[in-house]
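Structure, as structure tokens:
Remember, predicted model here, so these are calculated numbers, not experimental data. Naming: A, B, ... by sequence-line order, numbering from 1 per chain.
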There are 2 protein chains.
Amino acid sequence: MEQAIQEILKRNRLSVTDSRVKILELFLSQAGALAHGDIEKKTGEKFDRVTVYRTLQVFLGKGIIHTIPTADNSIRYALCRENCAEGHHHDNHVHFVCSDCGNTTCLDDITIPQIQLPTGYQTQQVEMLVSGICRECKS
Amino acid sequence: MEQAIQEILKRNRLSVTDSRVKILELFLSQAGALAHGDIEKKTGEKFDRVTVYRTLQVFLGKGIIHTIPTADNSIRYALCRENCAEGHHHDNHVHFVCSDCGNTTCLDDITIPQIQLPTGYQTQQVEMLVSGICRECKS
DNA sequence: AAATATTTTGCAACAAAGTTGCATCTTCCT
DNA sequence: AGGAAGATGCAACTTTGTTGCAAAATATTT
Ligand SMILES: [Mn+2]
Ligand SMILES: [Mn+2]
Ligand SMILES: [Zn+2]
Ligand SMILES: [Zn+2]
């Protein structure tokens with residue numbers, strides 16, 4: 001993993017710092033999306049809150065992570081797949097929020113269906129957000 | 001309009017107060033969705049911030065308004081159509097956010113298409129959020 | 001129409017979330 | 001190793017959201 005992390009940072013011409021490595025580690029070591037708060041908790045007292053904010057901003061800008069809209073005022077972030085870059089995202093997949101465990105996951109294989117908007121509207125991006133019970137919680 | 005407002009409040013067994021009337025007025029007098037902040041601005045210094053929060057909570061609970069998820073940490077609210085009630089929402093329409101004027105609109109006529117989730121996932125609700133250029137801004 | 005019961009409001013105090021400037025420390029390059 | 005560029009932590013601040021409680025407004029009863 002250390003390997004992969006270095007690669008991501010290098011590819012994006014970002015210097016390799018403790019916080020960046022640690023935060024990427026978090027994203028890589030689990031499937032789901034993370035909110036700012038999650039990261040703060042999981043890194044313990046290791047980094048300043050401000051550093052986490054700035055790190056996420058940088059990752060966002062570089063297209064290393066993408067945001068997931070929510071209805072509870074808490075943006076979540078998830079890793080982009082290989083082929084996302086600075087301005088060009090390719091994250092047109094569905095996002096799932098489990099109302100039991102609270103986890104948010106990228107359903108990378110489920111493509112968002114095309115829709116027909118009223119005339120005059122020009123589409124830039126489409127997000128699809130499904131809430132329900134995830135596989136793990138469905139006992 | 002005053003008429004309609006009274007009707008909405010009565011139907012939901014809510015007492016008719018200045019703030020509720022004023023906030024409903026805001027929603028009824030324009031098409032788009034409103035964030036908490038918008039309402040605070042548009043009502044001027046008329047009501048306490050806390051009252052706006054509580055009013056929105058009450059309207060949400062009664063099914064008078066619904067939330068629209070966003071990727072910028074600012075929930076937006078829009079009026080439900082006639083047939084929404086306390087527990088039963090029927091707001092399965094697409095939401096559009098204009099990246100020029102910033103307005104968010106309910107595309108009431110565009111129904112969210114069905115999708116096939118991986119096995120084990122159980123769907124409760126689906127949201128679809130389109131960003132782009134709205135009719136008015138498309139010069 | 002008053003009196004009373006019920007709700008709603010505003011205030012104050014607080015907690016949580018996010019932003020900015022700047023000095024110091026790290027990383028990277030030569 | 002030395003120096004430039006960049007990242008971090010701290011402090012101070014703003015903005016956003018929450019809670020308890022007394023006062024005010026609304027609804028209900030007499
Ligand atoms: Mn995703
Ligand atoms: Mn809507
Ligand atoms: Zn779950
Ligand atoms: Zn527009």
What's the [atom1]-[atom2] distance between [X] and [N], to the nearest Å?
X     : N      : atom1 : atom2 : value
A:E40 : C:dA17 : CD    : C1'   : 9 Å
B:Y53 : C:dT9  : OH    : P     : 16 Å
B:I75 : D:dG17 : CD1   : P     : 8 Å
A:D72 : C:dA17 : CG    : C1'   : 14 Å
A:L56 : D:dT8  : CG    : C1'   : 15 Å
A:D48 : D:dC13 : CG    : C1'   : 15 Å
B:R20 : C:dT8  : CZ    : C1'   : 7 Å
A:I23 : D:dT8  : CD1   : P     : 8 Å

Legend entry - B:V50 or B:T17, whichever maps to the more 5' nucleotide of DNA chain C: B:T17
Inset, instruction - Let me know, please, whether A:H36 or A:D18 comes out on the 5' side of the other along DNA chain C by nearest nucleotide. - result: A:H36
Inset, instruction - Using the rule that two of Ile, Leu, Val, Met, Phe, Trp, Tyr join whenever any of their side-chain heavy atoms come within less than 4.5 Å, decide whether B:L14 and B:I39 are in one cluster. - result: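 B:L14 clusters together with B:I39.
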Legend entry - Verify same cluster id: B:V97, A:I115 (apolar side-chain graph, 4.5 Å): no
Inset, instruction - Going by the side-chain contact (heavy atoms from CB on, under 4.5 Å) test, name the single residue among B:L34, B:I23, B:I64, B:L56 that passes it with B:Y77. - result: B:L56
Inset, instruction - Spell out, as yes or no, whether a donor-acceptor pair under 3.5 Å connects the side chain of B:S99 to the backbone of B:G132. - result: yes
Determine: side-chain N/O of [X] to OP1/OP2 of [N], distance under 4.0 Å, yes or no.
X     : N      : result
B:S15 : C:dT8  : yes
A:N73 : D:dT16 : no
B:T55 : C:dT8  : no

Mind checking if [X] touches a base, just sugar-phosphate, or nothing, with heavy atoms under 4.0 Å?
X     : value
B:V16 : sugar-phosphate
B:R49 : base
A:R54 : base

Legend entry - A:R76/A:D38 ion pair, N-O < 4.0 Å: yes
Inset, instruction - Please tell me which of A:F47 and B:Q57 maps to the more 5' nucleotide of DNA chain D, matching each residue to the nucleotide holding its nearest heavy atom. - result: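 So the residue in question is A:F47.
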